[in-house]
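Have a look at the structure below before the remarks.
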There are 2 protein chains.
Amino acid sequence: MQNFNSISVENFIKTIYQFELREGKDTRSGSIAKELGITNAAATDMARKLASKNIVAYQKYKALKLTADGKKMALHIVRRHRLWETFLHQVLGLNMHEIHQEAELLEHATSEFLLDKIDAFLGNPTTDPHGDPIPNKNGVIEKEKEVLTLSAAKVGECYEVCRLVGGHKEFYDFCQANKLTVGAFISINKQYPHTKMTEIEIGSLRISLHADLAGMIYLKKLKKSAEHISSTSKNG
Amino acid sequence: MQNFNSISVENFIKTIYQFELREGKDTRSGSIAKELGITNAAATDMARKLASKNIVAYQKYKALKLTADGKKMALHIVRRHRLWETFLHQVLGLNMHEIHQEAELLEHATSEFLLDKIDAFLGNPTTDPHGDPIPNKNGVIEKEKEVLTLSAAKVGECYEVCRLVGGHKEFYDFCQANKLTVGAFISINKQYPHTKMTEIEIGSLRISLHADLAGMIYLKKLKKSAEHISSTSKNG
DNA sequence: TTTTATTTTTAAGTAAACTTAAATTTAATA
DNA sequence: TATTAAATTTAAGTTTACTTAAAAATAAAA
Ligand SMILES: [Mn+2]
Ligand SMILES: [Mn+2]
Ligand SMILES: [Mn+2]
Ligand SMILES: [Mn+2]
């Protein structure tokens, strides 16, 4: 494609891409800086530099946006990240948090050649262990399905957990401890809008989650009945 | 152990370590610079910097030497490199040259945690696919066996190929094309000291190699007879 | 042992990726 | 709307890992 980008540049581009998608996150330079653990000044410098290379569409004081080129780059990095996550999970058995951490480094040290080998070895997977879609070799990614979070789910309905969008250890520890894994089946017992709590049932467990956590758990509605569900859970 | 070293520092330390071992290679700053593709001036800078951190024992105009600390660091990098090579070969089926290239990058992006997982997955291997020993977790490496190269082998004797010390694609391509793999059995037909050629027999093949290549192929003497050998070759 | 060639070091400078501190702009609030 | 607060940008400076060019030291050749 073009010459090679540094780790700092790759992380910067990837972060903008991810923040553009996730609601509740903006792509102002300050937010990107905070996520990357650098100062606002450094983020501005980087934004200006990438703008000169037509990777970022930069306007002073405005939110950062990727150009078409930038987005394509981001998708290639995301592909490396998610294929590594899938590989580390399936082959070496690392857990949700561990795969993320390791992939964060490996994504910057992986040739196209090696990536193809990993992809083929895994049988060209389309989602990673967190339920996130893996862009294909051309940078094409399955567009976000009409998903809803646990916070927005309807009382009485049954759902399948299809995505865990966290990133931090504590979140995944909580999910694992409560059998909230991708593919798990749950039903909604009650919503408490004022306190922002959701009470769910998973297997024989009944747990209450605050929106801070529930908003990171994405669901897919099921047709099946609740009774049927409890006996066919994929995970657990 | 200590804070983290950059990729440049890791490659520098590793190169000194490897050049210290390989005969025909010296560790003068110019040699290291050439190997790393940097200028002599840059190598001198790095040597002085690492000397200030007690990683390199540096004296002006003298060959570079690692301190005890430096050697320990080098062994940890070598461990990462060789475990990755083994993993890529055994799990993803990459060839001799490919594993080296990829490991050259991955070795700098691998946590102790992940390395332990890889090590355990492989069953704590002690040699990599090139026949090179893998240092253990504490940086202890099996000391070089009394090995001889193909150039120095005796006519009429039988040997097992135990190490391919090349590094460049063409060498490995040549070896693979001629069934010269680690574990292969060969016998020496003739030595031509003046032209520095060695004629060997491997299976039904009879090939002649110049010392430039033959010097990179290490052998272990066998007790078995040549007849027995041809029917029990591990590789091929 | 001179002279010459090679190697190494020093000096000065660059680019990337940061930092802190001050100036500017935008957003929020009284 | 005027004032204050928060975010962003600019300016200036640092560290790392290089570079080129000149000076100094070592090694090789005459
Ligand atoms: Mn990363
Ligand atoms: Mn993921
Ligand atoms: Mn390397
Ligand atoms: Mn090797």
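Per chain, numbering begins at 1; letters A, B, ... match sequence-line order.
A salt bridge does not link B/Asp212 to B/Lys196: none of the charged nitrogens lies less than 4.0 Å from a carboxylate oxygen. Using a cut-off of 4.0 Å between Lys/Arg side-chain N and Asp/Glu carboxylate O, A/Lys137 and A/Asp116 are scored as salt-bridged.
Annotation for B/Arg48: atom CZ does not count as buried by contact number, only 12 or fewer foreign heavy atoms lying within 6.0 Å. Within a 6.0 Å sphere centred on CD of A/Glu199, heavy atoms belonging to other residues, nucleotides or ligands number more than 12.
For the side chain to side chain donor-acceptor pair (under 3.5 Å) test with A/His81, the passing option among A/Glu107, A/Gln18, A/His76 is A/Glu107; the others fail.
Using a 4.0 Å heavy-atom cutoff across all strands shown, A/Phe12 reaches no nucleic acid atom at all.
The stretch residues 20-34 of chain A comes close to DNA chain D through A/Arg28, A/Ser29, A/Gly30, each having a heavy atom under 4.0 Å from the strand.
At least one side-chain nitrogen or oxygen of B/Lys60 sits closer than 4.0 Å to the OP1 or OP2 atom of C/dT10.
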Sequence-aligned protein contact record of nucleotides 16-24 of chain C, with B where the base is within under 4.0 Å of a protein heavy atom and S where only the sugar-phosphate is: SSBBB---B
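Residue B/Leu36 contributes atom CG, which lies 12 Å from atom C1' of D/dC18 at whole-angstrom precision. One atom, NZ of B/Lys62, and another, P of C/dT9, lie 11 Å apart when rounded to the nearest Å.
Legend: residues meeting ring pair (Phe, Tyr, Trp, His ring centres under 6.0 Å) with B/His89, ordered by chain and number and at least two apart, are absent.
Rounding to the nearest 0.5 Å places OG1 of B/Thr15 at 10.5 Å from CE of B/Met46.
Relative orientation of the B/His130 and B/His100 rings is perpendicular, given thresholds of 30° and 60° on the angle between their planes.
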